[in-house]
Amino acid sequence: MSDSYVIIGDGIAGASAAETLREEAPDAEITVLTDEGESLYNRILIKEYAKGKLPEAPISIHQESWYEDHDVDLRLNTVVVDIDVENDAVRTHEGETFEYDSLLLAIGGTPQQLPVGNADADGIHHFWTFQDARKIKESVEGAEKAVIVGAGLLGIDFAAICGAQGVEAKYLMRGDCWWRYALSEEGAEIMHDAMRERGVEPVFDSGVDHFEVDDEGHVTAAVDPSGERYECDFAGVAIGLDFNTELVEDTPLETEDGIVVDEFMRTNVDNVFAAGDITTFNDLVLGERAKNGSWGSAKEQGTIAARNMIEHGSEAFEWVSSYSITHFDFPFLSFGHPTLGDDSVEATTAEGEWRRVALKDGKIVGGVLIGDLSPQSAFKQLMREGRDVSDQTDLLMEPGFAVDDLAATTEQQ
C-alpha cells in the first residue's frame with residue numbers, strides 16, 4: 001500500500017514539497033489543502049502587478065491542471081479546523097476528514113493589524129496574497145494621497161507601489177530610519193532618497209494613534225501619537241505577521257514564535273513536519289533556532305521536508321537566504337540574518353554603494369548590500385564555513401572583496 005501525504009498550504013513551501021514527493025515517491029497519495037481560491041503563484045511578482053508593471057498571467061506558477069497532471073489532489077477554498085495527531089487525520093470546515101501517514105504544515109502567517117482605532121477601515125490594506133494585490137492595485141489607482149506604516153521589507157513594497165502609481169505618500173516610521181534594525185542612518189538614507197524621488201516622504205519618529213474615516217467608513221487620515229494629521233485615501237500597513245499557530249494549539253506540537261522543527265523540518269511529533277514562514281527551525285549555519293521568511297528559504301524547506309517525510313534523516317536544511325529589492329535604480333540585497341549578531345561593520349564603498357555585515361562571536365551571520373552586490377557570494381561562503389573574521393573585518397569592506405583576500409591574510413599571520 002502506498003504512503004499518503006497531506007500538505008496544508010499551497011504557497012512555495014507546500015508546493016515544492018508536493019513536487020518533490022511526486023518526483024521521489026511516484027506511487028504516493030498526495031493531498032494539498034489550501035484556504036486560498038487559486039493555486040500556486042509567485043508572491044515576489046505580485047508587488048510588480050500592484051505597481052501596474054505586470055499583468056496577471058505571468059504570476060501563476062502552477063495552474064490547476066498541473067495538480068491533475070501530477071496526480072495531486074488539490075483542494076482550494078478549504079479551511080483545516082482540526083489536526084488530530086494521535087489518529088493521523090485532519091478535518092476541514094466542511095466536515096471532511098483526510099488521513100495521512102505524514103503531514104506537512106506550510107500554513108504561514110497572517111498580516112498583523114495595527115491595534116488602533118479604525119484600523120479595519122475601507123482603504124486600509126495589508127499585503128500578503130494575490131487577492132490582496134488585486135485590491136491594492138484597484139484602490140491605489142484611484143487614490144491621490146497615501147500613508148504607509150511599517151518600516152521593513154514589506155512596507156517598502158507599499159512605498160514602491162505608491163511611487164509607481166503616482167500617489168503622494170507619507171511613510172510613517174517609528175525610528176530614525178527605514179529598517180533600523182539592519183541599516184544605519186547612512187545606509188538607510190540611500191533608500192530614503194530613492195523614496196523621495198518617487199514622491200514618498202519618510203516621516204521619522206512617527207506612527208499611528210488612530211485613523212479617521214468618512215461617513216461611509218473609508219479612511220481619510222492617519223493621526224500620529226503627537227496629533228499630527230496626514231490626509232490619505234489609501235493606507236498600506238506592513239508591521240509583521242501573526243504566525244498561524246492557532247491550528248496546533250490543542251496538539252502536542254511545540255511552538256515558539258511559530259512551529260518548532262529540527263534541521264530535517266520535523267516537529268516533535270515524528271510524522272508531522274513544517275516548512276516556510278511558520279517554522280522556527282534549527283539553523284545549522286547560525287547555530288541556534290531561527291526564522292526566515294524568504295521565498296528561497298521556504299522553497300528549500302519544502303523540498304527538504306518532503307525528502308525527510310519519505311526517509312527521515314536523508315537531508316538537512318542548511319541554507320543562507322537572501323532577499324532582494326528591485327524597486328529602485330540600484331540593487332539592494334539582504335542575506336542571512338542581518339538584524340542579529342553582537343557586532344557589525346559597515347562602509348560606504350562608493351557613491352550610492354554601501355554595505356553592512358552583522359557578526360556573532362566573530363562570524364558573519366548576515367548583512368545588507370546596496371549598489372554593489374558583488375561580495376554576496378564571498379560573504380555567504382564565509383557564513384557557511386563559519387569562519388572567524390573578527391581580526392580582519394576591515395577587509396570585508398574593501399571594494400572587490402573576495403574570500404581569497406581573507407585567506408591570504410590568514411596565511412601571513
Side-chain angles (χ1 to χ4, degrees), residues 35 43 46-47 50 107-140 142-163 165 167-183 188 191-192 195 199-246 257-258 277-278 291 293 325 327 339:
D35 58 3
R43 287 189 187 274
I46 59 174
K47 54 194 174 188
I107 52 181
T110 303
Q112 294 179 2
Q113 276 201 352
L114 279 169
V116 302
N118 295 320
D120 59 349
D122 185 41
I124 299 177
H125 297 268
H126 301 83
F127 200 2
W128 196 240
T129 68
F130 200 174
Q131 189 58 25
D132 292 336
R134 294 184 182 102
K135 292 177 181 177
I136 288 166
K137 185 173 185 290
E138 179 182 2
S139 182
V140 77
E144 295 182 1
K145 293 185 177 181
V147 162
I148 303 160
V149 187
L153 296 174
L154 292 178
I156 204 168
D157 288 344
F158 275 119
I161 290 166
C162 289
Q165 297 285 7
V167 178
E168 178 186 335
K170 300 293 185 181
Y171 195 164
L172 309 185
M173 307 181 188
R174 287 194 300 177
D176 55 8
C177 67
W178 177 76
W179 206 20
R180 67 189 189 278
Y181 299 114
L183 278 69
M191 309 302 288
H192 301 158
M195 296 176 204
V200 177
E201 180 64 31
V203 181
F204 306 116
D205 298 316
S206 186
V208 177
D209 178 79
H210 65 277
F211 290 100
E212 294 179 358
V213 299
D214 61 21
D215 292 340
E216 297 179 352
H218 190 92
V219 65
T220 57
V223 180
D224 76 7
S226 65
E228 189 75 24
R229 185 175 182 275
Y230 300 94
E231 291 187 2
C232 64
D233 41 18
F234 172 92
V237 176
I239 59 172
L241 292 179
D242 289 322
F243 299 104
N244 296 329
T245 55
E246 67 278 359
D257 193 28
D277 293 335
I278 192 66
K291 295 192 70 65
I325 293 175
H327 297 311
T339 63

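Residues forming a salt bridge (Lys or Arg N to Asp or Glu O under 4.0 Å) with E201 (at least two apart in sequence, or on another chain): R196. For H327, the ring pair (Phe, Tyr, Trp, His ring centres under 6.0 Å) criterion is met by no residue, not counting sequence neighbours. Annotation: side chain to side chain donor-acceptor pair (under 3.5 Å) contacts of E168 (sequence neighbours excluded): none. Here D277 pairs with nothing under the salt bridge (Lys or Arg N to Asp or Glu O under 4.0 Å) rule; sequence neighbours left out.
Remark: side-chain polar atoms of Y171 are not paired, donor with acceptor, to backbone N or O of F204 under 3.5 angstrom. Of the possible donor and acceptor atoms, one in the side chain of N244 sits under 3.5 Å from a partner among the backbone N and O of I107. The backbone N or O of W178 sits less than 3.5 Å from a side-chain atom of H192, completing a donor-acceptor pair.
Side chains of M195 and I156 form a contact here, defined as non-hydrogen atoms less than 4.5 Å apart. A heavy-atom distance below 4.5 Å is not found between the side chains of V116 and D209.
Between the CH2 atom in W179 and the CG atom in L153 there is a gap of 4.0 Å [rounded to 0.5 Å]. If you take CG on L114 and CZ on F211, they are separated by 5.5 Å, rounding to the nearest 0.5 Å. To the nearest 0.5 Å, atoms CE (M173) and CG (D205) are separated by 11.0 Å. Rounding to the nearest 0.5 Å places CD1 of I148 at 8.5 Å from CG of L172. Note that CE of M191 is 7.5 Å distant from CG of L183, once rounded to the nearest 0.5 Å. How far OG of S139 is from NE2 of H218: 5.5 Å, rounded to the nearest 0.5 Å.
Here the shortest heavy-atom pairing between H126 and I136 reads O-CD1, 3.8 Å. The two atoms that bring D132 and T129 nearest to each other are OD2-N, 2.9 Å, heavy atoms only. For A133 against F127, the heavy-atom pair with the smallest separation is CB-CE1, 3.6 Å. Between A50 and V140 the shortest heavy-atom distance is O-CG1, 4.5 Å. Considering all non-hydrogen atoms of both residues, A121 and V213 come closest at CB-CG1, 3.5 Å. Across all their heavy atoms, I239 and G150 have their closest contact at CG2-CA, 4.2 Å.
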Using residues 229-237 as the side-chain source, report each donor-acceptor pair under 3.5 Å to any protein atom, sequence neighbours left out, with the distance given to one decimal.
from: R229; atom 1: NE; to: E212; atom 2: OE1; distance (Å): 2.8
from: R229; atom 1: NH1; to: E231; atom 2: OE2; distance (Å): 3.4
from: R229; atom 1: NH2; to: E212; atom 2: OE1; distance (Å): 3.0
from: D233; atom 1: OD1; to: E144; atom 2: N; distance (Å): 3.2
from: D233; atom 1: OD1; to: K145; atom 2: N; distance (Å): 3.2
from: D233; atom 1: OD2; to: E144; atom 2: N; distance (Å): 3.4

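Contacts classified as salt bridge (Lys or Arg N to Asp or Glu O under 4.0 Å) and involving residues 213-227 (residues at least two apart or in different chains) are not found.
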- Intermediate values then yes/no, side chain to side chain contact (heavy atoms under 4.5 Å, CB included), W128 and L154: CA-CA 9 Å; W128 196 240; L154 292 178; 3.9 Å; yes
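A 6.0 Å sphere centred on CZ of R174 holds no more than 12 heavy atoms belonging to other residues, nucleotides or ligands.
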